[in-house]
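This report concerns only the one structure given below.
Proteins get letters first, then strands, A, B, ... in listed order; numbering begins at 1 in each.
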Protein chains: 4
Amino acid sequence: MALVFSSGSATSGPRSASKILNAARDVLSAQGYPALTIEAVAAAAGVGKTTIYRWWPSKEALVADALAEIFRADEIPDLGDTHAELRQAVDMTIDNYTNEDMATALPALAASLLPHPELMTRFRETFLHRKRENIAAALHRGIQRGDLPDDLDTDLVQDIWAGTILYRRLMTGSPLDTDLAEHLVQLTTKAPPLLPRRESPRTSR
Amino acid sequence: MALVFSSGSATSGPRSASKILNAARDVLSAQGYPALTIEAVAAAAGVGKTTIYRWWPSKEALVADALAEIFRADEIPDLGDTHAELRQAVDMTIDNYTNEDMATALPALAASLLPHPELMTRFRETFLHRKRENIAAALHRGIQRGDLPDDLDTDLVQDIWAGTILYRRLMTGSPLDTDLAEHLVQLTTKAPPLLPRRESPRTSR
Amino acid sequence: MALVFSSGSATSGPRSASKILNAARDVLSAQGYPALTIEAVAAAAGVGKTTIYRWWPSKEALVADALAEIFRADEIPDLGDTHAELRQAVDMTIDNYTNEDMATALPALAASLLPHPELMTRFRETFLHRKRENIAAALHRGIQRGDLPDDLDTDLVQDIWAGTILYRRLMTGSPLDTDLAEHLVQLTTKAPPLLPRRESPRTSR
Amino acid sequence: MALVFSSGSATSGPRSASKILNAARDVLSAQGYPALTIEAVAAAAGVGKTTIYRWWPSKEALVADALAEIFRADEIPDLGDTHAELRQAVDMTIDNYTNEDMATALPALAASLLPHPELMTRFRETFLHRKRENIAAALHRGIQRGDLPDDLDTDLVQDIWAGTILYRRLMTGSPLDTDLAEHLVQLTTKAPPLLPRRESPRTSR
DNA sequence: CTGTAAGCGAGACGGTACGTCCCGTCTTGAG
DNA sequence: CTCAAGACGGGACGTACCGTCTCGCTTACAG
């Protein structure tokens, strides 16, 4: 993922981009988000502040690029097993939020982008789009196999998955364990829970 | 809700507490979270900075108290209709995150409290505990009525509800409409998706 | 001379004014005018930059006040001896420009004020007015005694004295010794003025 | 005058020397000395910063060369009239300091060179030496004609002339008019010198 | 002709200082 | 005696230039 928040053209990227992004993550891990100042990153990277400001318009953009590099959005391989694939999808999301830096910084980042719709859009595309596409592909395979309902709302499924995980991380502090993962998967596969406008087809509790 | 983040004894509350908390919300609404500085609140409240620092140890504590006053955690009345009660619970959560100030400031607040477990605990108790108790009461009524499974994981239900709503507000920007509310309610009432620790009874994957 | 370039009211002057002005002169002496930065003065004074900027609008104003405190503008006592009084006047001027800090910083200061007529006016009044008044008083005593011509242009006399001294200090580097002082005095009192090393007071050319 | 402050050999001068020196004066006239930065000159000259640094070691050296090109140091022609020749000498000095750029930049330049004796020496030679030689020649003609005292201190005369003019320009802001010029000339030739607005009473040249 | 190296424009780079904003603490003066 | 007003030491902001450093691109001379 190539510096989508940097203002540099794709080709003439900053010479010290990786030095800077690594330093940003180092500072984040070592001292936490509040200590993640541009000056601290510049010092940690052995770089002038100017160089950072030359390529990233704000701390937010820098953090976004730094996190984007470690945000997992893997393709889900076709395992022939819908349940296994969905577990892999959920586990990937859990991984993303279990990562200390990500959990610390992502919500702060999202919160600080909220008032800037244009940046928010870039943020969504960078962080979420690819991941959601990949998971949607797995869900569609499940539908074609007949393991999932035809009219499954793949966006809602993903909102529930990621939302629940984020919420536990951010608000309740409940554990993100295999139990949770399994629950979230079964939420999709079992019964008719996520079918829009249906009269519970195969449901006979 | 009484100033749980303030360091003052419950009785000898600050004389200008409400002036200050109102000013905090005014600044938040008018100029956004980044502009919500102690100095700005003091100026808006016509109060010395000292007075604010006397009662709240940090900007976070002040914001927490300011938000706590407008965070809805109503008791769900016994309507005799499980579905209606659950909709009321979900709608209340949606209301909380639809409020502009809340949506702006709550995630930022939570993110900034993450590294301070002790404050985080206070935060959870203040904001979530009462609301969750009230919703749990409604869920238990549903269980007793036989409308919901005996072993429903009421915590997980609430994590899913609030998580999905927060996630859409914070990350995807998708609408929080009645469709979503209905989906979230049906997720709980229909089929067996949210039963904890089961060996997926009638499922042959 | 009380902080004429500071923006504080005369009464509520900065608490750390003298600490700051001393630090400014220390930095000037130790490291020279180019190193005389606001940050360096703040550090040397053990003071925040803010405190300096609160009271002085610019480095120039600060330097002006710092120099004003050591700029000599003494009253010339009535010695009954015109020649002695004028020597005292010239010596005072030489003293001012012999002082290393003054010689270094005054011309730089004046040069940097040139484009700001309003500041330049304040500068003139602060630095020159009192001194010139005092010297003019001595000159007028000389006129009344009949030692100096009735229509002596006291401004021009002073411009010549100070100008020659400044010019030597700034441009030619020639020494500012008693010879020069005597020449400058005799320029006013006697003719012909520009003969080197002579005793011959009223020597017919 | 050939780039005495440039570090290039006289022969292999910079191709764009005049472009750069003109640009320097343009910036000086248009935006003042504080805005006279290397980057601004480079931009105005359509030249890379490197090119400037290749030939001039510092901003001071560049400014010195730029000013040297417009600093008047003409030979005083033998007019057969001492008074007229001296007026020409004084007028030339006044011209030099009446020029807006010169008055702005020369004192700043001299002040900034003060702590660098080696550069200061080069500066004096470049700017002053030729001019002083030429004026000294005129003074010597006056001595030979018997219009000036045999033992006139030609250096002191020039220090007084230039010093008074510089001082008025830099410090008092008094006008540099023909009255002043005449006074300064008469200071050398006659006594008593410092009477204002006289019709040269005892003067029958 | 043509290669090749010096001179050049452009501007990235590590830095320093700027002047501002806000922090959290301390001091003062009016009611 | 309280408390608004705000001075204080400090840290980070985002900007402007500094002087150094690659980059390719002329361009002019040597082969």
> Is C/Lys59 positioned over the aromatic face of C/Tyr53, cation under 6.0 angstrom from the ring centre and no more than 45 degrees off axis?
Replying inline: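 C/Lys59 over C/Tyr53 ring: no.
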>> Just the rounded figure in Å: distance from P of E/dC18 to CD of C/Glu60.
In response: 11 Å
> Once you round it to whole Å, what is the distance between P of E/dC13 and OH of A/Tyr53?
Replying inline: 16 Å
Looking only at side-chain atoms of [X], point me to the closest of [options].
| X | options | result |
| --- | --- | --- |
| A/Lys49 | E/dC21, E/dC13, F/dT15 | F/dT15 |
| C/Trp55 | F/dA7, E/dG14, F/dC17 | F/dA7 |
| D/Thr51 | F/dG14, E/dG14, E/dG9 | E/dG9 |
| D/Ser16 | E/dG19, E/dC23, E/dC8 | E/dC8 |

> Would you find a donor on one side and an acceptor on the other, under 3.5 Å apart, between the side chain of C/Arg25 and the backbone of C/Leu67?
Replying inline: no
> Under 3.5 Å, is there a donor-acceptor pair between the side chain of A/Thr37 and the main chain of A/Ala40?
Replying inline: yes
> Below 3.5 Å, does any donor atom in the side chain of A/Thr50 face an acceptor in the base of E/dG15, or the other way round?
Replying inline: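 A donor-acceptor contact between them is present.
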>> Quick check: on DNA chain F, is the nucleotide nearest A/Ile38 upstream (toward 5') of the one nearest D/Ile38, or the reverse? Name the residue that is more 5'.
In response: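 Closest to the 5' end, via its nearest nucleotide, is A/Ile38.
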>> Both A/Leu36 and B/Lys19 contact DNA chain F. Taking the nearest nucleotide for each, which residue is further toward the 5' end?
In response: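 It is B/Lys19 whose nearest nucleotide is closer to the 5' end.
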> For the residue pair C/Ser112 and C/Glu60, what are the closest heavy atoms and their distance?
Replying inline: OG-CG, 3.2 Å
